[in-house]
Amino acid sequence: MANVVVVGAQWGDEGKGKIVDWLSERADVIARFQGGHNAGHTLVIDGKVYKLNALPSGVVRGGKLSVIGNGVVLDPWHLVKEIAQITEQGVSITPETLMIAENTPLILPIHGELDRAREEAASKGTKIGTTGRGIGPAYEDKVGRRAVRVADLADEETLIARVDRALQHHDPLRRGLGIEAVDREALIAQLMEIAPQILPYAAPVWKVLNEQRRAGKRILFEGAQGALLDIDFGTYPFVTSSNVIAGQAATGVGIGPGSIDYVLGIVKAYTTRVGEGPFPTELQDADGQRLGERGHEFGTVTGRQRRCGWFDACLVRQTCVTSGVNGISFTKLDVLDGFETLKICVAYDLDGKRLDYLPIAAEEQARCTPVYEELPGWSESTEGARSWADLPANAIKYVRRVEELIDCPVALLSTSPEREDTILVTDPFAD
Ligand code: IMP
């Protein structure tokens, strides 16, 4: 398989960073195709921890091309800071190793301000619990045809025209929310100042990737967030503002859908969610607390405690369909070590009716109660297992039952944050 897409199959934080890093060794190009610096990817390489938000995980591996596609929204100030940080850790980032699509919309400081002001003004039940990084407002400006894009940084006159167009929309909006008008001159000056630090990386990514593809190079598409945060197929309105599902990989960089050969869904052995919104299998008891503590479930971007619950096979079966997942990478199985009994949600009960999928209406989602199947746990440790033989029988039974319920095979099993602690069943890049 030449090109592989990696997507989160739950609400994000499934452990994509490690798997992307693991796969990036076999890839030539690593491309981000949606989201922004709301993502948090933690990579552990030889005990050294790298924290990435906007940069593709491939940057930490030498000799690879990392790409930020047009489907991403980019905060240029954050990017420059992230590049500086990662450079300090000994990683070299140059225009030869990092390319940013010229048609990538920028996240401006006004987007973050608007994001946070709206969240603060929201009443209980309407708050989304965003990362506050301006992702939603930046995507709004993109589809509203008033975004400032990377290419606009190259010409002062164009840049000023773009800023003015955006401010025509933002100033009245800010007035309504009680935020002071934008300092137009300061914003233009800030953009002109950052431009020379971004422009060297700007490139026609669609063209470069097409050339790479034709030359037989392997492209790894790195998803951020998770399919249940997808703007169309997620738990709307408690979602992020981009398409997260695998189909977005094509539009998010400018290649045809036929160039995607394999979709790898990353699936955590239980369920977590940050932010507001429905979560049928959420546990607010000692078991939930134990999952959170054992799994170190704190958001990498905001530090918020993640909500935890049992594995929801209904949801993952659904996201495997909407993303066309060929195989999953099952992560954090070791967090379940020591539970006497494990529960898996196999269906929902909605007002006495059994459903095998999560309905789309938010009100119905909130009323769905999980129907559980119980499986025996295991007392042995699975942490660091590198072969099936290292796993207790009940852990294997759990994995096999998950495969059956979600109707998708396990391609990789990850048993610790270290990249070597991975059991390979099917290599997504194998021809
Ligand atoms: P936004 O993307 O900042 O607008 O946040 C919208 C929703 O997506 C909130 O519930 C966030 O907690 C969630 N979210 C955004 N990025 C991530 C991520 O990388 N992991 C998990 N949740 C995320």
Side-chain angles (χ1 to χ4, degrees), residues 6-20 32-43 51-57 71-75 78 82 105 107-122 125-143 222-245 248 252 265-268 270-279 282 292 295-309 315 319 331-332 362 365:
V6 171
V7 285
Q10 291 152 314
W11 275 290
D13 311 311
E14 298 92 352
K16 290 182 288 297
K18 168 187 158 171
I19 304 298
V20 169
R32 280 278 309 264
F33 57 89
Q34 51 73 226
H37 64 312
N38 49 348
H41 290 165
T42 308
L43 309 179
K51 286 190 184 289
L52 303 174
N53 298 121
L55 286 168
S57 297
V72 167
V73 280
L74 181 72
D75 180 327
H78 179 93
E82 201 173 310
I107 302 178
L108 306 176
I110 54 175
H111 294 133
E113 285 164 22
L114 184 58
D115 190 359
R116 294 186 291 273
R118 279 181 181 154
E119 284 285 274
E120 268 164 38
T126 62
K127 215 183 265 295
I128 306 290
T130 72
T131 58
R133 297 199 154 182
I135 307 297
Y139 276 116
E140 285 169 35
D141 279 0
K142 170 181 173 169
V143 295
E222 177 179 12
Q225 289 86 46
L228 294 166
L229 290 169
D230 182 271
I231 186 78
D232 288 303
F233 291 100
T235 45
Y236 192 90
F238 302 100
V239 292
T240 191
S241 296
S242 62
N243 279 116
V244 171
I245 58 174
Q248 171 64 18
I266 314 296
V267 177
K268 185 144 61 178
Y270 49 100
T271 316
T272 61
R273 171 164 207 174
V274 224
E276 306 300 318
F279 181 172
E282 182 170 12
H296 309 290
E297 297 295 354
F298 294 92
T300 34
V301 174
T302 56
R304 287 178 291 178
Q305 197 167 348
R306 295 179 187 142
R307 300 155 65 193
C308 297
L315 282 180
T319 56
T331 64
K332 297 185 104 167
Q365 289 178 351

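Small disclaimer: the values here were computed from a predicted structure and weren't measured. Atoms within each ligand, like the ligands themselves, are counted from 1 in listed order. Along the sequence shown, residues carry numbers from 1.
Within the 4.5 Å cutoff, no side-chain heavy atoms of D141 are placed close to those of P105.
Checking each of D232, I231, D230 against V239 for a side chain to side chain contact (heavy atoms under 4.5 Å, CB included) leaves exactly one that passes, namely I231.
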task: Would you check, one step at a time, whether the test side-chain contact (heavy atoms from CB on, under 4.5 Å) holds for L114 with H111?
output: CA-CA 5 Å; L114 184 58; H111 294 133; 5.6 Å; no
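In this structure, R304 contributes its side chain and G129 its backbone to a donor-acceptor pair below 3.5 Å.
To the nearest 0.5 Å, the span separating CD on Q225 from CH2 on W11 amounts to 14.5 Å.
The side chain to side chain contact (heavy atoms under 4.5 Å, CB included) check on Q365 picks up T235, P278, L358, with sequence neighbours excluded.
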May I have every N or O pair linking ligand 1 to the protein at under 3.5 Å, one per line with atom names and distance?
unit_1: ligand 1; atom_1: 2 (O); unit_2: N38; atom_2: ND2; d: 2.9
unit_1: ligand 1; atom_1: 2 (O); unit_2: T240; atom_2: OG1; d: 2.6
unit_1: ligand 1; atom_1: 3 (O); unit_2: T131; atom_2: N; d: 2.8
unit_1: ligand 1; atom_1: 3 (O); unit_2: T131; atom_2: OG1; d: 2.6
unit_1: ligand 1; atom_1: 10 (O); unit_2: V274; atom_2: O; d: 3.2
unit_1: ligand 1; atom_1: 12 (O); unit_2: G129; atom_2: O; d: 3.3
unit_1: ligand 1; atom_1: 12 (O); unit_2: V274; atom_2: O; d: 3.2
unit_1: ligand 1; atom_1: 12 (O); unit_2: R304; atom_2: NH2; d: 3.0
unit_1: ligand 1; atom_1: 16 (N); unit_2: N38; atom_2: O; d: 3.4
unit_1: ligand 1; atom_1: 16 (N); unit_2: Q225; atom_2: NE2; d: 3.2
unit_1: ligand 1; atom_1: 19 (O); unit_2: N38; atom_2: O; d: 3.4
unit_1: ligand 1; atom_1: 20 (N); unit_2: D13; atom_2: OD1; d: 3.2

